[in-house]
Structure formats: structure tokens, C-alpha cells
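This report refers to the structure that appears directly beneath it.
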There are 2 protein chains.
Amino acid sequence: MMHDEVVSRLRHVLTEGEIPPGARIPERELCASFAISRTPLREALKVLAAEGLVVLLPNRGSRAAKLTRKDVKELFEVCEALEAAAGELACPRISDAQLREIAELQANMVEHYRAQDLLSYYRCNRLIHEAIVRAADNAVLAGFYESIAARIRRARFITPMSPEHWALAIQEHEGILNALQRRDAGGLAHILRNHLRRKREEVVRAGFAEGE
Amino acid sequence: MMHDEVVSRLRHVLTEGEIPPGARIPERELCASFAISRTPLREALKVLAAEGLVVLLPNRGSRAAKLTRKDVKELFEVCEALEAAAGELACPRISDAQLREIAELQANMVEHYRAQDLLSYYRCNRLIHEAIVRAADNAVLAGFYESIAARIRRARFITPMSPEHWALAIQEHEGILNALQRRDAGGLAHILRNHLRRKREEVVRAGFAEGE
DNA sequence: TGGAACCATTTTGAATGCAAAAATGATCCG
DNA sequence: CGGATCATTTTTGCATTCAAAATGGTTCCA
């Protein structure tokens, strides 16, 4: 198995899979489930530790990282800067096809909102933000964004969304698409910042912290 | 030897040491020089590959990463966003002691400029930028910044600096310190962006690219 | 009976071993 | 003499092994 594949699979298990933050990472079991030996698994663990998804306790194994309140704050702060930058870069670079793709995702997302289908809504939301980052055509930015997104995914999506916030988020997304279509880099960056700042407040207010 | 120490030492060898971009990484020799076996060294290689400092060629070993023109562009774009964010965050957070420290570094830097001591100038310059990032008090941001800085360090510091650019850079640094002292977040972000954009243009114009 | 001390077991971190792939270079043929 | 082919050596990636550290459980003594 390819090295990168082990890293991806492990990342998936940690961000969307069965190992909750703070839990011990069962080296043995994962080796069995991935059908590899400890060496490549441990290599992947070190990579994810460098990314912040895993904490290595010397001589005491590894655990899925817990987000503290400060972590959440820091991650959102950086995410804000990255998404704003992505928006600014995307405006002059985005293709018509990419714009259409985002407009379509947006329409789907509104549908899911109308149907109050939170999970599908989240999926579309995520795809839109990823599409904007992709349109910025900057692999370094995309890599950092993905790394941050992986770390806050649980916090983002576990936090319950109030009806008011949800409605507001939809409105903001209209603004995002609009700014993109007008290629208004400054405006887009501004909306994205506010959008994320609001989300962050919601997450923080929900008292979200996996442990201190 | 601690795992993180192997990573740091290897990073140092790659960014400031004897292995130039594009060169083969001599696993054997490094094992001997670090007095470790291949296992921990390979773990460190994977970590640095995830950071972008090393490229792993399947079944063909690892090489120090070369920066393409696009890499340089991308790294500077993200660096701009990160430094601007750091500046904005630092303004409300920076302590008087930290301000004094930066003012002192600035004075030293001007001294080195007067003496036309490029190496010492660079060292001060780097310490100032790192101090601003530190003042932002955001570990995630600091980590990303360090990772970017490591990757462009060679490009930055190998590019020769024209007398005009050098003079301008000094001026800009006056503005940076001034904005920090006035806690003018917006102004500081603006100056930092311009400062980096100029540097980037210089690096790109110098035709810098380690290979495509 | 409660708690400390000791030993067995498990787990971790790193070295070594092994099979497969790539690089090297020697030979053979046109 | 030049180029292709095949054997040999080296290197790579992973599994296994080994020593040291931590964990857990039992015993022993106050």
C-alpha cells in the first residue's frame, strides 16, 4: 500500500471515523485493519502528529488530538486568513465552469436547507468552500486549508446550528456567490471573514472544547 | 534521540545545511551522522515530505525539494496572507516588552544595513518577522509560517538585493515598527503585504527557480 | 484489610533482516 | 566500436525482532 494512502485512511478514521478526540489510537488493530505492519503505520502517525491531528506521548502511545478552546480560536483565526486569501485569489482566476459548479452547489445547498437536511447541507457547504479554495489555484494554500479543515471538522459539524444562524449562513452564501460572480475580491474576502467569524462564535459559544 | 530532534536536524540540513535542492538525500550517511538507524530517519523524511521540503520518489529514494516558479509564487502568496494576519493579530496582543525587543532588533538591523553586512541584516530581518508572528500568539499560525519560511528561505536569501530595494526594505521596516507601536492593525497588514510582494517580485525577477 | 512492592505481561521505540525493485556494469552481438 | 541484454550489486520499503519502558496484577506485610 502506498504511503500516502495510509496517511489518508488514518486521517479519515480520525476526522470522520470511529476514533473520537482524546481516544487512544489502537496501533495493533489499525495494523490489522489496514493489513500493514507497525512500521508504515507509525510513519503515518508521525505525519499526522506533525499536522496536529495526533498527539504522541513518549513511551505512552498516541492519541487522537483534543481541541482546546485556544486551539479552536487559533484554527479559526488562521482559517479566516486562508479563506479570505483564497477568495481574493480566486476572483481573478476562477473559470466560468468553476463558477457554474459553485452556483449549482449553492442551489443544491439551498434545497437541502429548505428540506432541513443538515447533513446534506453540510456536505454542499464544504464542497463550496473547497471549490473556492481550488479556484484560488494555489496548492500550498489548499494543503494548509485541508489541514485546518480536518482539525476543526468535528467542532464545526458537531456544534448545533440555530435556525437564525442557519438562515444567516444561507444569506451569506448568496453574498459569496454574488461577489465571486462580480469578481469582487475585496468584497468576497470581507464576506468570507464575517462568515467564518460568525461560525467561530457559534462554535465557541456552544462551549465547544474537547478538553483542556 | 527524540523523534522531533531528528526532524529538526534533518530540516536544518535541508534548509541551511549541505544538501542543496534537488540533491539526493543520502539515507545511509545521515543515519551514520545522526547515529540512528534507518527507521527513525525514514519517519522524519515522511514528515518533511508532508511539509514539502522533501520529495519521495517511490522506490527511488528521496530528494531535497526544488522550488519551481509556481512554488515560489504560491509560497509567497500564502506567506503574505499569514504575515498580514499575524500583523493584525499582533497589534492588539503585543506586549510592551515584545515591542521593545522588536525596536531593538530594528535598530540593530539598521546598523547592519549601514555597515552593509548582508548576513547580519538578514538574521535581524528574520528575527523581526518571527517576533511579529510570535506576538500574534497563535501556535497554528506560527507553525504554518515556520513551514513556509523554511521552504522559501534559500530563495529569499540567495536572491541578491539591489541597493534600491535594500533601502526601500529599511524604509518599510520603519513603517512596520511604527504601525505596531500605533497598534494600527490594518496599516500594518497593508505594509507587510507590500513588503512581501516586493520581495517576491525581486525573487521572481531574479529568475529564481531551482528547477521546473 | 489496606497499601506498598515486586514480578509478569504488554506496549513502545528503534535496529535488523528480508524480499522486491532499481541502478550498475559487464558481456555479447550487430 | 556502439548499443542492447542480462547478471550483480545496491537501495528501498516493509516485516520482524529486540531491548527498554510502562502497565497490571498479585503477593506480602503492617
Kindly give the atom pairs (protein nitrogen or oxygen, nucleotide nitrogen or oxygen) under 3.5 Å for nucleotides 5-9 of chain C.
none

> Which letter, B, S or -, goes with each nucleotide of nucleotides 13-18 of chain D from 5' to 3', with contact meaning a protein heavy atom under 4.0 Å?
Replying inline: BSBBB-
> Listed by chain and number, what are the ring pair (Phe, Tyr, Trp, His ring centres under 6.0 Å) partners of His3(B), not counting sequence neighbours?
Replying inline: none
> Which pairs with one or both residues in residues 141-150 of chain A pass side-chain hydrogen bond (donor to acceptor under 3.5 Å, both in side chains), sequence neighbours excluded?
Replying inline: Glu83(A)-Tyr145(A)
> Atom CG of Leu41(A) and atom P of dT12(C): how far apart are they, to the nearest Å?
Replying inline: 11 Å
> Can you list the residues that meet the side-chain hydrogen bond (donor to acceptor under 3.5 Å, both in side chains) rule with Ser120(B), with sequence neighbours excluded?
Replying inline: Asp117(B)
> For Glu29(B) and dT10(D), what is the distance between atoms CD and C1' respectively, to the nearest whole Å?
Replying inline: 14 Å
> So, are Glu51(B) and Arg11(B) salt-bridged, with charged N and O less than 4.0 Å apart?
Replying inline: yes
> Arg198(B): what forms a side-chain hydrogen bond (donor to acceptor under 3.5 Å, both in side chains) with it, not counting sequence neighbours?
Replying inline: Glu172(B)
> Looking only at heavy atoms, which two atoms of Pro58(B) and Met2(A) are closest? And how far apart?
Replying inline: CG-CE, 3.7 Å
>> Just the rounded figure in Å: distance from C1' of dT11(D) to CG of Leu30(B).
In response: 15 Å
> Between dT23(D) atom P and Arg28(A) atom CZ, what is the distance in whole Å?
Replying inline: 16 Å
> Are His112(B) and Asn108(B) close enough that a side-chain donor and a side-chain acceptor fall under 3.5 Å?
Replying inline: no
> Does Phe76(A) have Arg197(A) sitting over its ring (NZ/CZ under 6.0 Å from centre, angle to axis within 45°)?
Replying inline: no
> Rounded to whole angstroms, how far apart are CG on Leu45(A) and P on dA14(C)?
Replying inline: 13 Å
